[in-house]
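Lettering follows sequence order; numbering is per chain, from 1. Note that the structure is a prediction, hence the values are computed from the model and not measured. Side-chain atoms are counted along with the backbone in the values below, which use heavy atoms only and exclude waters and symmetry mates.
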Amino acid sequence: MNNLKNLRGTVDLLPDQLIKWQNVEKIILEQLSRSSIKEIRTPILEMTELFIRGIGEETDVVSKEMYTFMDRGKRSCTLRPEGTASVARALIQNGISSNTLQKLWYMGPMFRYERPQAGRQRQFHQLGVEFIGYESVRSDVEIITLAWDILGKLGIKELNLEINTLGDINDRLNFQKSFIKWLEINKNSLDLDSQRRINKNPLRILDSKNSQTKKVLENAPKLFDFLSDKSHKRYTDLKKQLEFLKIPFVENFNLVRGLDYYTHTAFEFTSGNLGSQSTVCGGGRYDNLIKQMGGPNTQAIGFAIGLERLILISGKELAVPRNTDIYIINQGLIAESLAMDLSRKLRNYDLLVELDLSGDSFSKQFKKANKLKSKSIIVIGDNEAANNEFTIRLFDKESFGNKEEVISLENDIKLENWLNNNLLLR
RNA sequence: GCGGGCGUCGCCAAGUGGUUAAGGCAGCGGCUUGUGGCGCCGCUAUUCGGGGGUUCGAAUCCCCUCGCUCGCCCCA
């Protein structure tokens, strides 16, 4: 036994598990590509300041969950806890203009120092999509639809979409003012967590799960009542358009995203199959972030999907590995060289070809081919090598004892015919 | 960061103070070194997450620690 272990909240993904990851990622990437969204890659490591300014100093993520350290040049560095701030930074730095329109996605690891739980790790992965420079409510609709469609392509059932609006900055500040006043008066009826948040992050109190607090909040001022006519209309339009597209949603006036940069539309997809970490996708509009970070006034909206959670609720049909098409059984000096060469030729047909490298007895190699459930086998031994040929046959259960075919190593036409008739059809 | 449950081979698991730590699956070898699926035989934990203590004796009791898990918090 040695004591070298992975860090808490991190995991090794082994080949068997990665089948599902790869399939899920493939479906996602195809849908993104069809939606004309471009990839962006930003560093995993950023200066700490970026997240403090981008996400908000008082948020839990920044105040107690970041992996922050000094590098050898005495710079404070942080492993990114989310992707939006980095994307905003990269765009500003690379000269975004105020009328730039960009649809971007990114996928990769994020880091947050939290207590691990099902669907929550310290190193986790997100797919993020950001629509930069888009202001109209139609962009809100498109991005929600995109998330819906990705989740749909993955065959995820029992999804709930919740939406809310936070209004613009002014709406939010006006509300916050009277909400805080109300909170102070009713402070003693609130749970301790909520009391603590009054001055730190009052909006989050709306999202409290404490049943008594929930009840008390029923009489609190509503953000919705503080919306300007314009904000209100925007929200109504959003709902209309989602209804037109037949995307089912539920309004949740208590839905508040945890990061400071959100405005107007906020949305969240949850699944009942995830236990307490039920959010698979969360997103919203952040019209002030880019300006606040020193860029031009640029509206934007985005979402992030938690890949670990997504994998948990994706169907197990996505975890099925690709079968071996041809297992090459080979033994003998010349035969082994011929087999190596043949394996390369066969892979050009997009077949999954496994070349046995063991040099074991034929019967052992057959057993291995059987264990792998290879669809077919090729045999090359001394006899075949002497005649510059190989034998091939189907190997599945139904065709047990299927008759072999002998094909010359030079006769590509015969090989191709065999492949077309047996492996490549349909 | 707070509270509950758990931790015996790669996986599932018996064992709750007395000595060889069951069994199943998987793996490996053999019967069967040029043809697989079945069957049979054999092998695979000096050790019970780690450390300390109690005891003549501990996987079994106590303490600490690590990890997993569920809930809170937070979020994806």
Asks: Using the salt bridge (charged side-chain N to carboxylate O under 4.0 Å, His left out) criterion, which residues pair with A:Arg344? Sequence neighbours excluded.
Replies: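 So A:Arg344 forms a salt bridge (charged side-chain N to carboxylate O under 4.0 Å, His left out) with A:Asp341.
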Asks: At a heavy-atom distance below 4.0 Å, what parts of residues 301-324 of chain A sit against RNA chain B?
Replies: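 Within this stretch, A:Ala304, A:Gly306, A:Arg309 sit under 4.0 Å of the strand.
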Asks: Which of parallel (below 30°), tilted (30 to 60°) and perpendicular (above 60°) describes A:Trp182 and A:Phe179?
Replies: parallel
Asks: Tell me every residue that passes ring-ring contact (aromatic ring centres under 6.0 Å, His included) with A:Phe253, counting only those two or more places apart in sequence or in another chain.
Replies: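 With neighbours one apart ignored, the set is A:Phe224.
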Asks: Rounded to the nearest Å, what distance is computed from the CG atom of residue A:Asp382 to the P atom of nucleotide B:U33?
Replies: 17 Å
Asks: Could you go through nucleotides 30-32 of chain B and list every protein N or O atom that sits under 3.5 Å from one of its N or O atoms, giving the distance for each pair?
Replies:
{"unit_1": "B:G30", "atom_1": "OP2", "unit_2": "A:Lys364", "atom_2": "NZ", "d": "3.3"}

Asks: Which listed nucleotide (B:G34, B:A76, B:G1) is nearest to the side chain of A:Phe362?
Replies: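 The nucleotide sitting nearest to the side chain is B:G34.
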Asks: Can you name the salt bridge (charged side-chain N to carboxylate O under 4.0 Å, His left out) partners of A:Arg41, sequence neighbours left out?
Replies: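 Expected list: A:Glu39.
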Asks: Only counting residues at least two apart or in another chain, list the ones meeting side-chain contact (heavy atoms from CB on, under 4.5 Å) with A:Gln93.
Replies: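 If we apply the side-chain contact (heavy atoms from CB on, under 4.5 Å) test to A:Gln93, skipping adjacent residues, the hits are A:Arg89.
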Asks: Check nucleotides 66-69 of chain B for protein N or O atoms closer than 3.5 Å to its own N or O atoms and list the pairs.
Replies:
{"unit_1": "B:C68", "atom_1": "OP2", "unit_2": "A:Arg8", "atom_2": "NE", "d": "2.7"}

Asks: Between A:Tyr67 and A:Tyr113, does the ring centre distance come in under 6.0 Å?
Replies: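 Between A:Tyr113 and A:Tyr67, which both carry aromatic rings, the centre distance is below 6.0 Å.
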Asks: Report the residue (A:Ser278 or A:Gly381) whose heavy-atom-nearest nucleotide on RNA chain B is the more 5′ of the two.
Replies: A:Gly381
Asks: Could you measure between the two C1' atoms, the one in B:G23 and the one in B:G15, and give it in whole Å?
Replies: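 It comes out at 12 Å once rounded to the nearest Å.
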Asks: Got a sec, which residues hit side-chain contact (heavy atoms from CB on, under 4.5 Å) with A:Ser361, two or more places apart in sequence or on another chain?
Replies: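 A:Ser361: side-chain contact (heavy atoms from CB on, under 4.5 Å) contacts with A:Ser363, A:Lys364.
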Asks: Would you please name every residue forming a side chain to side chain donor-acceptor pair (under 3.5 Å) with A:Ser139, sequence neighbours left out?
Replies: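 For A:Ser139, the residues satisfying side chain to side chain donor-acceptor pair (under 3.5 Å) (neighbours in sequence not counted) are A:Arg285.
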Asks: With a 3.5 Å cut-off and heavy atoms only, can you find an N or O donor on one side and an acceptor on the other between the side chain of A:Gln331 and the base of B:U33?
Replies: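 Side chain to base: no pair below 3.5 Å.
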Asks: Does A:Lys371 make a side-chain N or O approach to OP1 or OP2 of B:C28 shorter than 4.0 Å?
Replies: yes
Asks: Is a donor-acceptor contact shorter than 3.5 angstrom present between the side chain of A:Asn383 and the base of B:G34?
Replies: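 For A:Asn383, whose side chain was compared with the base of B:G34, there is a donor-acceptor pair (under 3.5 Å).
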Asks: What integer distance in Å separates A:Asp360:CG from B:G29:C1'?
Replies: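 Computing the A:Asp360:CG to B:G29:C1' distance gives 11 Å.
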Asks: Does A:Gly283 or A:Arg120 map to a spot on RNA chain B nearer the 5' end, using the closest nucleotide for each?
Replies: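 This one resolves to A:Arg120.
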Asks: List in chain and number order the residues that pass side-chain contact (heavy atoms from CB on, under 4.5 Å) with A:Asp191, two or more places apart in sequence or in another chain; answer none if no residue qualifies.
Replies: A:Asp193, A:Ser194, A:Ser208, A:Asn210, A:Thr213
Asks: Can you name the ring-ring contact (aromatic ring centres under 6.0 Å, His included) partners of A:Tyr286, sequence neighbours left out?
Replies: A:Tyr261
Asks: For a quick check, tell me whether the side chain of A:Glu65 and the base of B:G1 share a donor-acceptor pair closer than 3.5 Å.
Replies: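 Absent.
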Asks: Sequence neighbours left out, what passes ring-ring contact (aromatic ring centres under 6.0 Å, His included) with A:Phe366? Give chain and number order.
Replies: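 Checked A:Phe366 against ring-ring contact (aromatic ring centres under 6.0 Å, His included); zero matches.
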